[in-house]
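Beneath this line is the structure, given in structure tokens, with notes to follow.
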Amino acid sequence: MDCSGKIAVVTGGGTGYGYGMAQALKARGARVWITGRRREVLEKAAAELQVDYLPADVGSPADWDRLFAAVGPRLDILVNNAGGGIKIAPLTEQDDAEILQSLHTNLLGAILGCKRAAQRMKTARSGLIVNVSSICAHYGWPNFSVYTAAKAGLDKFSRTLYTELRPYNIRVTVVTPSWGSTEFSRAAGLPEAAPAAAAKMMSPAEMGRLIVRLCEFPEHLVFPEVMVQPLEQEIVPF
């Protein structure tokens with residue numbers, strides 16, 4: 001796939017990895033739409049990147065319908081990047097609303113988007129869906145139980161979706177990052193990494209380059225999963 005002229009949607013595109021993805025896709029000639037819940041953040045990012053935007057909550061079917069109506073009948077690339085820790089704490093300290101929000105943001109939202117994207121891509125018999133999971137999907141850190149469940153669900157959902165869409169020449173890839181230079185820790189109320197460690201995390205620009213490479217790899221080949229983590233991070237969970 002040559003990104004030039006392709007229509008791409010990046011959820012959570014106003015900051016962090018999503019910003020880096022949108023920037024890289026735009027640089028390669030794609031027409032990019034970014035979404036997110038914070039209008040002012042989206043407006044600023046869209047102006048900087050010169051891309052289209054639409055405020056939307058991925059957990060809302062109606063918002064997905066509004067987005068796809070704005071984008072039009074064609075879609076070549078969907079990157080389900082929106083996500084967040086919501087609340088990283090023991091399960092007994094999370095209220096029901098926080099649990100439901102985590103599942104909607106990290107799992108159900110991507111499923112709703114994939115359904116609508118697949119409908120368009122099946123007609124075109126072409127397309128790429130990238131679902132951004134997390135290293136948490138493969139391991140068990142304390143206090144990450146709900147987030148981990150959602151991301152593990154996204155990982156397994158993506159593998160099954162690949163088998164459904166493969167006959168239509170549609171690729172589905174799971175990108176599984178670990179420690180990254182994003183707003184995740186701050187938004188989840190976790191301690192920020194030391195500056196020396198933060199400098200060695202994966203940056204939004206680096207994530208953007210990875211997404212572009214996946215998009216432009218020969219269309220008869222697929223990466224079911226790409227896991228990427230910084231050498232700086234030692235992983236020793238259960």
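Just so we're clear, the structure is a prediction, and the values are computed from it rather than from any experiment.
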With a 4.5 Å heavy-atom cut-off, do [X] and [Y] have their side chains touching?
X      : Y      : value
Val130 : Ile211 : yes
Thr35  : Pro55  : no
Leu25  : Val10  : yes
Asp155 : His138 : yes

NZ/NE/NH1/NH2 to OD/OE distance under 4.0 Å, [X] and [Y]:
X      : Y      : value
Asp2   : Lys6   : no
Lys44  : Glu48  : yes
Arg28  : Glu216 : yes
Arg159 : Glu225 : yes

> Do Thr11 and Asn81 meet the criterion of a side-chain donor-acceptor pair at a distance under 3.5 Å?
Replying inline: no

> Where do Ala24 and Arg209 come nearest, in terms of heavy atoms and distance?
Replying inline: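 Minimum heavy-atom separation between Ala24 and Arg209: CB-N, 4.2 Å.
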
> For the residue pair Leu154 and Asn106, what are the closest heavy atoms and their distance?
Replying inline: CD2-O, 3.9 Å

> Between Val212 and Val132, is there a shared hydrophobic cluster once you connect ILVMFWY residues whose side-chain heavy atoms come closer than 4.5 Å?
Replying inline: yes

